[in-house]
Amino acid sequence: MILRMRNALICFIFALLIFSGCSKDDDSVFDKTPDERVNEALSKAGAALKGSAYGWNAKVVTGTGSTFQFHFRFNEGNRVSMYADIDTTTAGTARESSYRLKALQQPALIFDTYSYLHILSDPDAAVNGGEYGEGLKGDFEYSIDTVAADSILLTGRFNNTKVTLHKATQADAGAWQNGEWRNALAFQYMSRILEYFKRLPVNGTTYEIHFNQSSRSITFLWTDGAGAIHSFTSTYYYNSKGLVLVTPLNNGNASISTISSKGWDAVNGVMRVSVNDVVPATVSGAAKPVKPDLDGPGRWWQTMYQQDSYWISFQGFHVNGVDDAYHVRNIPGFAFMLFWPAFGTQAGVTYDLQGYVNQGQGGLSLDFGSAWMPPLFTADGRIIFRIYGTLGDVPASATTAFNNTNTLMAEANGFYLVQTGNSRYDMVSAKDARSWITWER
Amino acid sequence: MNTLKISILFCLLILLGSCSKDDPGNVDNIPGLGGDTWEPGPIDNWIRDNLTTPYNITAKYKWDQGELEFNRTLVPPKEEKIIPVLSAIKTVWIDNYVAVAGDLFMKRYSPKFFVLVGSASYNPDGTITLGTAEGGRRILLYVLNDFRIKGMSDYVPRDSLNVKEMFHTIEHEFGHILHQTVLYTPDFKRISVGMYTSNWNNVTDAEARADGFVTAYAMAAPDEDFVEMISMMLTEGKGGFDVIVNSITGTSPNGTAAAVAQSRLRQKETIVVNYFKDTWNIDFYNLQARTRASIVQLIK
């Protein structure tokens, strides 16, 4: 009996195996193989990209929330030429680079050599004003999600940003080629104002404005009737007329949503603008912040003092509109300048060191610098440096840069410290705000 | 029982026989099989004519995430930087080795594959990586977009650091290939015995030198020590290496006297020079003078 049961069981299992093992129906739900379908998708996308006579418009929003406008024209031979509203160069001059279509997990569009688009992804913060190591969190390798007649939907494969390419018209392409976009970006001429602090009076309120041209943000600072300070920061984007705030500023009784450029007034050294397209105004320089950051100097000094570390400047001082006015970068072997709070003690004085780091035969070395007495922190938010002595031997080739920098540092009015990032400060001369130096870590 | 065995056999036969599947279909056009393709441009032609045809070396300059770290923000190089970089590599590294060791030597032992990246690779600890290599075959070079040599409009002396660091990486990795092909004398490992440490990244170059190592990374292992010696001597030149040795003063935190540290570096130098002579029949000082002169041409 038991044997019969077992036989029956074995027969049953075999029958099961035979029937299940032999289903021959392996028809795909698709009528073509995966390879054929991938190739088809790639060639369809390629034909669509190249097929638009006036190229494609794209609004790129980076992972950090900044908005940029691009114009792409895809050509034969894996070449793409583009414009972008990053600065007047990228808006005025087309740059050609390469692209290719590739079957990754999804059909993908890769901009595979450096172009304007890569500026947003560059991990070097000096390129785009983002953070070191991640830039503005842009993308240049995209999955192709859908291809429609007049739009293509892309998703970034690294930072997951969404981009929609819209077919451009002849007028769209012309706006780039004829320099309309470049003119809209004339806001960067604001840097012609020699003072660090820039003010915009509108309807009785004076705003101090700080632009971050590369990360697309603008900060307004103003004081109300009671003297309290207010701060408002918004990202902005450009259209072909000027600048549009993503979140309009509202100070209680007036608002600002757009600022268009009306040109640079060389006679008065001011920038003419039009606020909300109706109110004419000017942006001009100012020697003082509307309200200094009273703790700024102390915070700046303490940050490095507590870590027994130093601030770095790669550029030296910007003076009267000239970057690195004292040419510290031309000192042979110059790597960077540092400021080291409480570097050492001599004759009972614990001095700060502002040193010049050189790269010599065997790596970086701190060869010479100026020692400064403990700085004075004033009640109105300035720091004042007083020279204490010279450390090491200043080579003849560096003497001019060294002496000029010392003279400026020792300026009796001292400096304001403006924090511009997590670990970045601008040190601005309190005398006339026409010279400053950027300290970073 | 017999019937059972027969029935099992029978069933197996049916099972196996019934499951012949038909052919896998059309597989002759798999996208991307054999590598990416694109229409070759001037850069591709330059690489083919100057590196691939003579030395079987290639350089990937177009973006390919698969060659790179997946957790780092990186960008591809600018097209206008690629030929200057590769031709600098050819003058400084390939041409000089060919001049002292011959064509065949270079064809046989050179690493074959360069991957070029536009930006630096930013590490979580705040440092940046300028170059890496693996297996003596593939070399990754970063920061091409900041590659500037004398004569380019925006060159500042600081840029020479990038240039030297690039050749440091290449000579370092090539050194690995050489000693992995023929090992150096075991005497080398006895010079700094007991001082190799995995903690090298917390040591500055100056501290390492006070202990008789040419760089901090040389403290990682005898093999690294050996190739760092090669690389530093070649990129800094004889004069530069003498400056490094003579700049050692005082006693190191580990108790190495300056004279001892200097003598260790000199012993290592001797072994490297003899190794090149005996193993590869290369006059190291000749190679060193040529290499340094080519680098100086680029930066001074």
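By convention in this document, chain letters (A, B, ...) are assigned in the order of the sequence lines, proteins followed by strands, and residues within each chain are numbered from 1.
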**Message:** Is it the case that atom NZ in B:K150 sees more than 12 heavy atoms from other parts of the structure closer than 6.0 Å?
**Reply:** yes
**Request:** Give, for atom NZ of B:K78 and atom OG of A:S115, the distance between the pair rounded to the nearest 0.5 Å.
**Result:** 11.0 Å
**Message:** Looking at A:Q105, I want to see if its CD is surrounded by more than 12 non-hydrogen atoms of other residues, nucleotides or ligands under 6.0 Å.
**Reply:** no
**Message:** With rounding to the nearest 0.5 angstrom, report the CG to CG distance, B:D64 to A:D112.
**Reply:** 9.5 Å
**Message:** If the condition is salt bridge (Lys or Arg N to Asp or Glu O under 4.0 Å), which residues does B:E165 pass it with, not counting sequence neighbours?
**Reply:** none
**Prompt:** Any chance CG of A:D393 has more than 12 other-residue heavy atoms, nucleotides or ligands included, within less than 6.0 Å?
**Reply:** no
**Asked** Which bit of A:F334 comes within less than 4.5 Å of chain B, counting heavy atoms only: side chain, backbone, both or neither?
**Response** backbone
**Under 4.5 Å from a heavy atom of chain B, the part of A:R157 involved** = neither
**Message:** With a 6.0 Å cut-off (strictly less than), is the heavy-atom count around CD of B:Q65, excluding the residue itself, greater than 12?
**Reply:** yes
**Request:** Compare every heavy atom of A:P123 with every heavy atom of B:T73, then report the nearest pair and how far apart it is.
**Result:** O-CG, 3.2 Å
**Asked** In terms of heavy-atom proximity below 4.5 Å to chain A, should B:D146 be classed as side chain, backbone, both, or neither?
**Response** side chain
**Asked** Among B:G66, B:P77, B:G118, which residue forms the greatest number of heavy-atom pairs with chain A at distances under 4.5 Å?
**Response** B:P77
**Request:** Output the distance between atom CZ (A:R95) and atom CD (B:E80), rounded to the nearest 0.5 Å.
**Result:** 4.5 Å
**Asked** Side chain, backbone, both or neither: which part of B:L74 has a heavy atom under 4.5 Å from chain A?
**Response** backbone
**Asked** Checking A:E141 against chain B: side chain, backbone, both or neither under 4.5 Å from a heavy atom?
**Response** side chain
**Message:** Is a donor from one side chain sitting under 3.5 angstrom from an acceptor on the other, for A:T113 and B:E79?
**Reply:** yes
**Request:** Compute the centroid of each ring, for A:F140 and then for B:W63, and state whether the two points are separated by less than 6.0 Å.
**Result:** yes
**Message:** Tell me if the CZ atom of A:F12 is crowded by more than 12 foreign heavy atoms within 6.0 Å.
**Reply:** no
**Asked** Can you tell me how far the CG atom of A:D124 sits from the OH atom of B:Y122, to the nearest 0.5 Å?
**Response** 4.0 Å
**Item:** Flag if over 12 foreign heavy atoms under 6.0 Å of CZ, B:F147
**Value:** yes
**Asked** Looking only at atom types and distance, does a side-chain atom of A:R100 sit under 3.5 Å from a main-chain N or O of B:K62, one as donor and one as acceptor?
**Response** no
**Prompt:** Out of curiosity, B:Y155 OH to A:R329 CZ, how far, rounded to the nearest 0.5 Å?
**Reply:** 12.5 Å
**Item:** Which portion of B:T235 sits near chain A, non-hydrogen atoms under 4.5 angstrom
**Value:** neither
**Prompt:** Tell me, side chain or backbone of A:F314 under 4.5 Å from chain B's heavy atoms, or both, or neither?
**Reply:** side chain
**Request:** Hey, could you give me the OG/CD1 distance between A:S98 and B:I43, rounded to the nearest 0.5 Å?
**Result:** 8.0 Å
**Request:** Compare every heavy atom of A:Y114 with every heavy atom of B:V75, then report the nearest pair and how far apart it is.
**Result:** CG2-CE1, 3.6 Å
**Item:** Contact class of A:I331 relative to chain B, heavy atoms under 4.5 angstrom
**Value:** backbone
**Message:** So for B:N145, is it side chain, backbone, both, or neither that comes closer than 4.5 Å to the heavy atoms of chain A?
**Reply:** side chain
**Message:** Looking at chain B, which one of A:R441, A:K137, A:K102 has the largest number of heavy-atom pairs inside 4.5 Å, strictly under?
**Reply:** A:K102
**Item:** Side chain A:N78, main chain B:E39, donor-acceptor under 3.5 Å
**Value:** yes
